[in-house]
Every structure is written in structure tokens, then in C-alpha cells.
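Here is the naming used below: chain letters follow the sequence lines, and residue numbers restart at 1 for every chain.
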Number of protein chains: 2
Amino acid sequence: MDFSIGELARRTQVKVPTIRYYEQIGLLAPPPRTEGQQRRYDKKSIARLAFIRHARELGFNIEAIRALLSLQDNPDQSCSVADRIASARLAEVEERIASLSALRTELQRMLKECACGRVAECRVIETLADSTHRHGRLAEN
Amino acid sequence: MDFSIGELARRTQVKVPTIRYYEQIGLLAPPPRTEGQQRRYDKKSIARLAFIRHARELGFNIEAIRALLSLQDNPDQSCSVADRIASARLAEVEERIASLSALRTELQRMLKECACGRVAECRVIETLADSTHRHGRLAEN
DNA sequence: CTTGAACCTCTAGTCACTATAGGGACTAGG
DNA sequence: CCTAGTCCCTATAGTGACTAGAGGTTCAAG
């Protein structure tokens with residue numbers, strides 16, 4: 001009923017080095033080892049790692065996941081902490097969408113106006129060089 | 001007509017260490033120095049750095065900016081390279097928006113269903129722990 | 001000439017992994 | 001029992017685009 005790190009990786013779709021990384025930073029408890037020092041996992045490990053993976057998919061950072069895991073381990077606490085973490089993440093996502101939408105608009109405008117001749121009259125390059133450009137925040141991606 | 005790195009930073013809204021970083025990685029040419037080895041910039045530096053800043057605001061990565069700058073330096077080339085770089089960026093942005101929109105939906109659902117009682121019946125935690133969860137790609141932010 | 005802000009280089013840290021090197025353990029077949 | 005091949009181990013360094021800090025030097029104003 002116990003299995004290797006590679007098997008855990010296969011079952012959770014999390015890469016082997018990532019699992020070791022999660023252990024190193026304390027997201028996953030160090031599992032028992034074989035005599036030859038190889039890690040052995042059980043079903044609970046799958047659940048825990050899947051939890052982490054789902055949280056990462058939703059973009060929670062490691063600190064948030066640490067908090068969410070500790071909530072899961074203490075089910076008698078109020079849910080409001082989890083709620084606050086998820087709300088904060090939602091706010092981030094919404095802000096991100098808004099700023100990317102603005103980027104999209106600007107990129108579309110640049111591209112539409114580009115007649116695709118020489119660089120000398122290229123709207124893409126011109127737009128970037130335009131010193132009267134509004135100053136937004138840097139795109140984080 | 002020439003000025004310090006701090007002045008350049010002030011005029012372009014790019015931080016001093018970032019300017020030195022751009023020089024180090026070859027995005028900005030090393031400027032002349034005073035006898036005491038302090039950098040001295042001119043108006044052209046402002047234009048170049050502003051260009052870089054605008055490109056970063058639009059989320060172009062350093063390699064893309066390197067290419068865009070070299071296009072600007074050779075204005076007789078075809079504009080199609082710039083067009084392709086910008087189009088690729090637009091595609092990235094659109095993909096990002098799509099995946100963040102999916103995240104938003106899921107976060108909203110989690111939060112709406114959370115009755116905010118004990119963690120034991122918290123939908124936020126439950127959703128994360130749900131092993132039947134669809135497997136999307138990890139959110140890159 | 002003195003003060004103090006701004007400048008210099010160099011190194012290390014951020015985040016969440018990913019890659020590599022150089023080895024040891026486990027399993028199936030002969 | 002031996003071997004081949006796959007998996008596993010640790011430790012270190014690299015990614016992108018900066019940011020922070022230490023420890024020292026230069027500049028401009030008064």
C-alpha cells in the first residue's frame with residue numbers, strides 16, 4: 001500500500017523534483033524511507049499533494065497554501081480565514097484580468113495601425129518610442 | 001546637457017538599479033563616465049529607456065525588447081518582424097486572460113458556496129481537497 | 001573644506017520551480 | 001547470484017527580471 005516518489009508523481013501529475021521541493025520547504029511532511037533512504041508514500045500523501053496542486057492551479061502562492069493546509073488540519077476553526085485567502089486571490093485575479101485587458105486593447109491598436117511596410121513607419125515601433133505614452137504600471141506578465 | 005543616472009531614473013520612472021541592470025545585460029549601451037566613474041546620460045538615453053519601459057509595460061520580455069530595439073536601430077528593415085513579435089505577445093495576453101477568467105469563475109464559485117461556518121464544512125477547503133477536480137495547467141500567476 | 005546625498009561595484013535574495021552532476025537502490029531476467 | 005536498466009538520492013546552480021544590501025567613493029552646495 002505504499003509507493004515510490006515516481007508513483008506519487010504519476011498519480012498526482014506533480015513532477016518528482018517538485019515533490020521533493022515541497023518537502024524541503026515544509027509543505028509536505030517528510031515521509032518514511034526504505035532502508036536505502038528512498039521515500040515511501042501512502043494514500044494520504046496523494047490527497048495532500050493533490051490539494052496543493054489544485055491550490056497552485058488556482059494560483060495561490062506557497063504561503064497561502066501553507067495557511068490553507070493548516071486550516072484543513074484544524075477543521076474546527078472558523079472558515080473565515082480560508083474565505084479571506086480565497087477572496088484575496090480572487091481580487092488579484094480580477095486586477096490582473098483588468099490590466100491584461102488594457103494591454104490587449106493597446107496591442108490590438110498597435111497592430112491594426114501597422115501597415116507593415118518598413119520599420120521607419122511602423123506603428124508598433126513608433127508606439128513604443130512615443131514619449132507621450134501614458135505611464136501605467138509594468139505588466140507582471 | 002548630460003545628467004546622472006538618478007536624473008535619468010527620475011525622468012523615465014525607471015529605478016536606478018534597473019537601469020544598471022539593463023546596461024549589464026546589454027539592453028542599454030554603457031554611457032560615458034565622469035572622471036570619478038559616474039555614468040552620464042543624454043537625451044537619447046531617455047528615449048531609449050522610455051522605449052524599453054513602454055515595451056516592458058506591455059509585457060514584452062527582455063529578448064523581445066532586444067529584437068525590437070535592433071529593429072528601431074535599422075529602420076530600413078521590414079516591419080513584419082515587429083509585427084510578429086507584437087502578435088505573439090497579443091496571443092500570450094489573450095491566452096492569459098482566458099485562463100485567468102476560468103480561475104475567476106472557479107474562485108467565485110468556491111466563495112459563493114462557502115457558508116462560512118467551520119472549516120470542516122468549508123467549500124473552499126473542500127473544493128481544493130476534491131480529488132475529482134479537473135486537471136488544468138498550473139496558473140502562472 | 002565639510003557635509004550629505006547620490007553614486008559606484010559586487011554579491012545575494014526573490015518565487016516556484018527545473019536542470020544537472022555524480023552517485024546509490026531496487027527489480028526483473030538469466 | 002549477477003547484471004542491466006530504471007528509478008531514486010543529495011547537493012548545487014540556473015531561470016527572469018529585477019531588488020536589496022554592504023561597504024566604499026564622488027559630487028555639488030554652502
Side-chain angles (χ1 to χ4, degrees), chain A residues 2-28 30-41 45 49 51-69 88-89 92 96 137-141, chain B residues 2-28 30-41 45 49 51-69 88-89 92 96 99 103 137-141:
Chain A
D2 60 349
F3 41 84
S4 71
I5 195 169
E7 185 65 15
L8 179 62
R10 206 183 55 68
R11 295 200 201 181
T12 56
Q13 308 277 72
V14 175
K15 287 178 193 148
V16 169
T18 304
I19 296 172
R20 287 196 278 249
Y21 168 70
Y22 287 159
E23 180 183 330
Q24 193 194 311
I25 63 171
L27 267 198
L28 287 176
R33 305 268 187 139
T34 64
E35 280 191 19
Q37 298 307 312
Q38 298 195 358
R39 290 168 180 82
R40 288 300 161 223
Y41 295 93
S45 320
L49 187 48
F51 184 102
I52 295 171
R53 181 176 144 80
H54 298 157
R56 288 293 299 132
E57 280 172 7
L58 290 170
F60 290 102
N61 65 24
I62 300 291
E63 279 322 296
I65 295 174
R66 222 185 276 281
L68 291 168
L69 283 169
R89 176 61 189 151
E92 270 175 35
R96 227 53 206 81
R137 238 197 312 136
L138 292 179
E140 288 123 44
N141 186 347
Chain B
D2 61 348
F3 40 84
S4 71
I5 196 169
E7 184 65 15
L8 179 62
R10 207 183 54 68
R11 295 200 201 182
T12 56
Q13 308 278 73
V14 175
K15 287 178 195 150
V16 168
T18 303
I19 297 172
R20 286 196 278 249
Y21 169 70
Y22 286 159
E23 180 182 330
Q24 193 193 312
I25 63 172
L27 267 199
L28 286 176
R33 306 267 188 141
T34 64
E35 279 191 19
Q37 298 308 312
Q38 298 197 357
R39 291 167 179 84
R40 288 299 165 229
Y41 295 94
S45 319
L49 187 49
F51 184 103
I52 296 170
R53 181 177 143 80
H54 298 158
R56 288 294 299 132
E57 280 171 8
L58 289 170
F60 290 102
N61 65 24
I62 299 291
E63 280 322 295
I65 295 174
R66 223 186 275 283
L68 291 169
L69 283 169
R89 176 60 189 152
E92 271 176 35
R96 216 72 197 77
S99 96
L103 287 195
R137 239 195 314 133
L138 291 178
E140 288 124 42
N141 187 348

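Residue B:Lys15 has its side chain nearest to D:dT19 when only D:dA17, C:dC8, D:dT19 are considered. When the nucleotides D:dC7, C:dC7, C:dC17 are ranked by their closest atom to the side chain of A:Ser4, D:dC7 comes out on top. Considering only the side chain of B:Tyr21, D:dC18 comes nearest among D:dT26, C:dT9, D:dC18.
Residues B:Leu103 and A:Glu57 are not in side-chain contact: their nearest non-hydrogen atoms beyond the backbone lie 4.5 Å or more apart. Looking at B:Ser4 and B:Arg40, their side chains come closer than 4.5 Å, going by heavy atoms from C-beta outward. In this structure, the side chains of B:Leu49 and B:Arg11 stay at 4.5 Å or more apart for every pair of heavy atoms. Contact annotation: the side chain of A:Tyr21 never approaches that of A:Leu27 to less than 4.5 Å [non-hydrogen atoms, C-beta and beyond].
The distance from atom CG of A:Leu8 to atom C1' of D:dC9 is 16 Å, rounded to the nearest whole Å. D:dT25 atom P lies 17 Å from atom CD of B:Glu35, rounded to whole Å. Atom CD in B:Glu57 sits about 15 Å away from atom P in D:dA17, given to the nearest Å. Residue B:Arg56 contributes atom CZ, which lies 9 Å from atom C1' of D:dC18 at whole-angstrom precision. With rounding to whole Å, B:Phe3 atom CZ is found 17 Å from D:dC27 atom P. Separating the CD1 atom of A:Ile19 from the C1' atom of C:dA16 is a distance of 15 Å, rounded to the nearest angstrom. To the nearest angstrom, C1' of D:dG16 lies 13 Å from CG of B:Leu27. Rounding to whole angstrom units, CD of residue B:Glu23 and P of C:dC10 are separated by 12 Å.
Note on B:Arg10: nothing from the nucleic acid sits closer than 4.0 angstrom, heavy atoms only. Within the 4.0 angstrom heavy-atom criterion, no nucleotide atom of any strand lies near A:Ile25. As judged by a 4.0 angstrom heavy-atom cut-off over every strand, A:Gln37 is placed among residues touching the sugar-phosphate backbone only.
With respect to the salt-bridge test (charged N to carboxylate O, under 4.0 angstrom), the residues A:Glu23 and A:Arg20 do not qualify.
Map B:Arg40 and B:Asn61 each onto its nearest nucleotide of DNA chain D; the residue landing nearer the 5' end is B:Asn61. The nearest heavy atom of DNA chain C to B:Gln24 and to B:Ile5 marks one nucleotide each, and the one closer to the 5' end goes with B:Ile5.
The side chain of A:Tyr22 contributes no N or O atom lying less than 4.0 Å from OP1 or OP2 of C:dA16. The side chain of B:Arg33 places an N or O atom within less than 4.0 Å of a non-bridging phosphate oxygen (OP1 or OP2) of C:dT9. For A:Thr18 and C:dA16, the shortest distance from a side-chain N or O to OP1 or OP2 is not below 4.0 Å. The phosphate of D:dC8 has neither OP1 nor OP2 within less than 4.0 Å of any side-chain N or O from A:Arg39. Phosphate proximity of C:dC26 to A:Thr34: present, with a side-chain N or O under 4.0 Å from OP1 or OP2. Side-chain N/O atoms of A:Arg20 include none lying less than 4.0 angstrom from OP1 or OP2 on D:dC8.
When atom types are taken as modelled, the side chain of B:Arg89 and the backbone of B:Leu58 share a donor-acceptor pair closer than 3.5 angstrom.
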